[in-house]
Number of protein chains: 2
Amino acid sequence: MSLPHAILTALLEKPSSGLELTRRFDRSIGYFWSATHQQIYRELGKLEQAGRIRSLPSAAPARGQKKEYEVLAAGRAELSDWVRRSEEPKPTRDALLLRLRAAAVVGTEGFADELRRHLSLHRAQLDEYLAMEERQFPPERDTEADRLRHLVLRGGIELERFWTGWLTEALAEFERLGPG
Amino acid sequence: MSLPHAILTALLEKPSSGLELTRRFDRSIGYFWSATHQQIYRELGKLEQAGRIRSLPSAAPARGQKKEYEVLAAGRAELSDWVRRSEEPKPTRDALLLRLRAAAVVGTEGFADELRRHLSLHRAQLDEYLAMEERQFPPERDTEADRLRHLVLRGGIELERFWTGWLTEALAEFERLGPG
DNA sequence: TTACTCATGTAAGCAGTTACATGATTGT
DNA sequence: ACAATCATGTAACTGCTTACATGAGTAA
């Protein structure tokens with residue numbers, strides 16, 4: 001049940017409409033919890049019905065008209081609870097590692113290309129995170145909230161470093177196995 | 001669509017019944033693609049109907065009776081295709097990073113305990129992987145398939161190292177922020 | 001005969017994905 | 001007038017989770 005909480009977090013950072021949220025998910029929150037606009041609109045409806053957010057009075061209720069939402073006290077309380085609740089980490093589900101294991105059984109022909117492709121995607125993501133780090137966290141920004149958000153970004157950075165490192169190692173192994 | 005392919009891989013490694021598969025998922029394949037017995041039985045039914053696997057002739061069709069499956073040529077071909085197909089990596093969805101970002105907004109009280117708990121879970125998983133590495137990949141086992149399966153396990157190991165490293169860093173940051 | 005474990009399933013519901021629909025606003 | 005873009009939705013479907021049901025074999 002993370003999506004509603006991701007939305008509450010985003011709305012607390014800045015009240016927004018559904019489309020604005022969708023865009024912010026595409027380039028910020030979504031790096032850790034992606035969502036499409038369909039999911040977001042559906043969830044905004046549920047959150048409003050549950051009394052956790054409300055649409056700003058200025059907003060027209062018509063279709064095609066922008067509708068801005070803000071978080072109510074009940075929404076903040078719910079988010080605060082969620083952060084404190086203890087939750088089990090979800091078991092890993094990674095298709096690439098699974099496919100490599102399958103390749104060990106049915107053969108690796110053509111798989112090196114896929115590894116190269118993933119490597120370049122992860123390198124690009126890593127570069128993007130590093131650029132974000134420079135822009136968003138210059139040394140003078142150092143409030144408690146800044147340090148925490150920086151920590152989250154460093155999580156993303158180190159995760160991409162893991163992928164680029166492992167993929168590089170995997171490609172080296174493939175070259176040792178011979179051209180295929 | 002990874003679960004059917006995970007099952008095909010497991011069945012190629014060794015023909016099994018549903019419950020045996022469930023157990024192997026719990027301690028091997030499931031480290032990269034977890035599944036419950038309900039999922040597995042449902043998927044076995046679909047794979048059999050699609051002509052990708054068959055239950056061994058010896059097996060009684062009665063409820064409560066063990067039923068063993070093996071992969072047919074069509075199943076191997078499908079798995080082989082899947083390994084070669086190019087697939088986009090799924091966007092990351094990590095609840096802990098998301099919760100830390102929420103904590104930056106609503107306050108971190110009580111969150112350090114959760115970080116410590118996750119750290120100890122990841123340390124335990126790392127130890128388990130390292131023990132598996134010693135057992136399953138002694139220097140003399142060095143066929144192509146061994147090297148590939150070892151590479152998969154090293155992926156798991158390095159992923160757990162990322163988590164333990166980042167969580168340690170996060171806890172250090174929390175202590176700098178002051179006791180809470 | 002009761003309880004426990006092995007083994008296979010059914011059913012309901014939730015979360016996420018994909019495809020499509022509809023209205024409002026702006027530029028040419 | 002039309003096309004493009006902004007903006008909000010609906011519907012159908014797939015995959016995963018949770019809770020429960022049922023039968024067979026075995027040991028006290």
Side-chain angles (χ1 to χ4, degrees), chain A residues 1-8 10-11 15-26 29-30 32-50 53-56 58-69 82 87-95 98, chain B residues 1-8 10-11 15-26 29-30 32-50 53-56 58-69 82 87-95 98:
Chain A
M1 274 261 298
S2 293
L3 179 59
H5 301 105
I7 291 176
L8 288 171
L11 286 180
S16 307
S17 69
L19 194 63
E20 281 162 5
L21 274 179
T22 303
R23 286 184 183 136
R24 290 172 58 201
F25 267 73
D26 282 344
I29 291 249
F32 314 107
W33 204 274
S34 69
T36 61
H37 81 272
Q38 292 90 337
Q39 277 178 284
I40 289 169
Y41 283 118
R42 195 182 332 130
E43 208 59 50
L44 283 170
K46 284 188 205 170
L47 284 167
E48 189 176 21
Q49 267 216 312
I53 62 174
R54 63 162 184 184
S55 49
L56 293 180
S58 60
R63 190 171 183 143
Q65 295 287 81
K66 193 157 113 171
K67 207 156 85 179
E68 289 232 310
Y69 292 93
W82 180 66
E87 283 195 350
E88 295 315 304
K90 285 228 172 145
T92 308
R93 280 212 176 111
D94 185 86
L98 184 61
Chain B
M1 273 262 297
S2 293
L3 179 58
H5 301 105
I7 290 177
L8 288 172
L11 286 180
S16 309
S17 68
L19 195 61
E20 280 163 7
L21 275 178
T22 304
R23 285 183 184 136
R24 290 172 58 203
F25 267 73
D26 282 345
I29 291 248
F32 313 110
W33 204 275
S34 68
T36 62
H37 81 272
Q38 293 90 338
Q39 276 179 285
I40 288 170
Y41 284 118
R42 196 178 338 127
E43 209 60 50
L44 283 170
K46 284 190 205 168
L47 284 167
E48 190 177 21
Q49 268 216 314
I53 63 174
R54 65 164 182 179
S55 49
L56 292 180
S58 62
R63 190 171 184 143
Q65 295 288 80
K66 195 157 116 171
K67 207 157 86 181
E68 287 232 311
Y69 292 93
W82 180 67
E87 284 196 349
E88 295 314 305
K90 285 229 171 144
T92 309
R93 278 209 177 112
D94 185 85
L98 185 61

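When reading the values below, keep in mind they use all heavy atoms of this one structure, side chains included, and skip hydrogens, waters and symmetry mates. Numbers restart at 1 for each chain; the letters A, B, ... are given by sequence-line order, proteins then strands.
- Scored by the side chain to side chain contact (heavy atoms under 4.5 Å, CB included) test, B/Gln38 finds B/Thr36 as partners (sequence neighbours excluded).
- Side-chain atoms of B/Thr22 come within 3.5 Å of backbone atoms of B/Gly18 as a donor-acceptor pair (strictly under, hydrogens ignored).
- Residue A/Ser34 comes nearest to A/Gln39 through the heavy atom pair O-OE1, 4.4 Å, listed as atom of the first residue, atom of the second, then distance.
- Side-chain contact between B/Leu98 and A/Ile29 is present, with at least one heavy-atom pair separated by less than 4.5 Å.
- Using a 4.5 Å heavy-atom threshold, the side chains of B/Tyr41 and B/Leu19 count as touching.
- A heavy atom closer than 4.0 Å to some atom of DNA chain D occurs in A/Ser17, A/Gly18, A/Leu19, A/Arg23, these being the qualifying members of residues 16-24 of chain A.
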Within the sub-3.5 Å range, which N or O atoms of nucleotides 13-15 of chain C have a protein N or O partner, and how far apart are they?
none

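- Contact annotation: A/Tyr41 does not reach the phosphate of D/dG9 (side-chain N/O to OP1 or OP2, under 4.0 Å).
- Residues from residues 87-94 of chain B lying near DNA chain D, meaning a heavy-atom separation below 4.0 Å, are absent.
- Side-chain contact between B/Leu21 and B/Leu44 is present, with at least one heavy-atom pair separated by less than 4.5 Å.
- Going from atom NZ of A/Lys67 over to atom C1' of C/dA24 covers 15 Å, rounded to whole Å.
- A search for salt bridge (charged side-chain N to carboxylate O under 4.0 Å, His left out) contacts involving B/Glu20 returns B/Lys66, not counting sequence neighbours.
- Residues satisfying the side-chain hydrogen bond (donor to acceptor under 3.5 Å, both in side chains) test with B/Ser16, not counting sequence neighbours, are B/Arg24.
- Residues meeting the ring pair (Phe, Tyr, Trp, His ring centres under 6.0 Å) test with A/Trp82, sequence neighbours left out: A/His5.
- Separating the NE2 atom of A/His37 from the P atom of C/dT22 is a distance of 14 Å, rounded to the nearest angstrom.
- With sequence neighbours excluded, the residues satisfying side chain to side chain contact (heavy atoms under 4.5 Å, CB included) with B/Glu88 are A/Arg117, A/Leu121.
- Every residue two or more places apart in sequence or in another chain that forms a side chain to side chain contact (heavy atoms under 4.5 Å, CB included) with A/Phe32 is listed here: A/Val152, B/Leu97.
- Contact annotation: B/Lys66 does not reach the phosphate of D/dG25 (side-chain N/O to OP1 or OP2, under 4.0 Å).
- Atom CD1 in B/Ile40 sits roughly 12 Å away from atom C1' in D/dC16 (whole-Å rounding).
- Protein atom CG of B/Asp26 is 13 Å distant from nucleotide atom P of C/dC6, rounded to whole Å.
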